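Report on the following structure.
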Amino acid sequence: GAVVSQHPSRVICKSGTSVKIECRSLDFQATTMFWYRQFPKQSLMLMATSNEGSKATYEQGVEKDKFLINHASLTLSTLTVTSAHPEDSSFYICSASALGGYGYTFGSGTRLTVV
Amino acid sequence: GENVEQHPSTLSVQEGDSAVIKCTYSDSASNYFPWYKQELGKGPQLIIDIRSNVGEKKDQRIAVTLNKTAKHFSLHITETQPEDSAVYFCAAIQGAQKLVFGQGTRLTINP
């Protein structure tokens, strides 16, 4: 089946630094990728949707300058948390879908801790 | 936009018994309803899905039913096992691509 690889699984960074999270579709072309944020014991909150080669569409309330999303190829999307602060600490999850497909395959998630 | 409500938020059942989780959705145009299982510290994994042209789908111990008129769908797990313990999310697709998730159900299987 479809596999989405997300790295790193855990990252600790200092306040003020930037962190990049990668999401790769291993065996299919992901025309669309989604980035979610999940707080403890809560549901997934969609942050942005990105289509390959286009600018990402951000959900209301998500700062596009803080959460930079790049989807330059059909198999790779990255989320960069810029100038991270402790309140950015969370579980970030990517998801990918192929053109015309209903399937949404999720990555394994990245636990970000900002100290 | 689409709104998905999921109940119960927590569910505890004895091993071997059945578990049922219910979701309602608001947008009658939604046509794809997946269920995900999320274990601690991991991303959600698709366990079963159903499209609006089908009323029921079964995969071994897991089944999903859909009532389009009432706009609700349910997950049924039979003969529950300890490894079924996890958080389960329902979702509905809004518009072309966006998945809208329910609030999640923490299922605990008691041995």
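So you know, we letter chains A, B, ... as the sequences are listed, proteins then strands, and number each from 1. The structure displayed is predicted, hence computed values, not measured ones.
- For Phe34(A), the ring-ring contact (aromatic ring centres under 6.0 Å, His included) partners two or more places apart in sequence, or in a different chain, are Tyr104(A).
- Looking at Lys58(B) and Glu56(B), no side-chain N of the basic residue comes within less than 4.0 Å of a carboxylate O on the acidic one, giving no salt bridge.
- Salt bridge status for Lys98(B) with Glu59(A): present, with a side-chain N to carboxylate O gap under 4.0 Å.
- Separation of the Tyr25(B) and Phe33(B) ring centroids falls under the 6.0 Å cut-off.
- Each of Gln38(A), Arg10(A), Gln42(A) has some count of heavy-atom pairs under 4.5 Å with chain B, and the biggest count is that of Gln38(A).
- In summary, Lys20(A) and Glu22(A) do not engage in a salt bridge, as defined by a charged side-chain N under 4.0 Å from a carboxylate O.
- Contact annotation for Gln38(B): only side-chain heavy atoms (C-beta onward) come within less than 4.5 Å of a heavy atom of chain A.
- Interface summary for chain A: among Gly43(B), Pro44(B), Gly41(B), the most heavy-atom pairs under 4.5 angstrom belong to Pro44(B).
- Taking chain A as the reference chain and counting heavy-atom pairs below 4.5 Å, the highest number among Gln6(B), Arg106(B), Lys42(B) is found for Lys42(B).
- With chain B as partner, the option from Thr49(A), Val4(A), Leu44(A) having the largest number of non-hydrogen pairs under 4.5 angstrom is Leu44(A).
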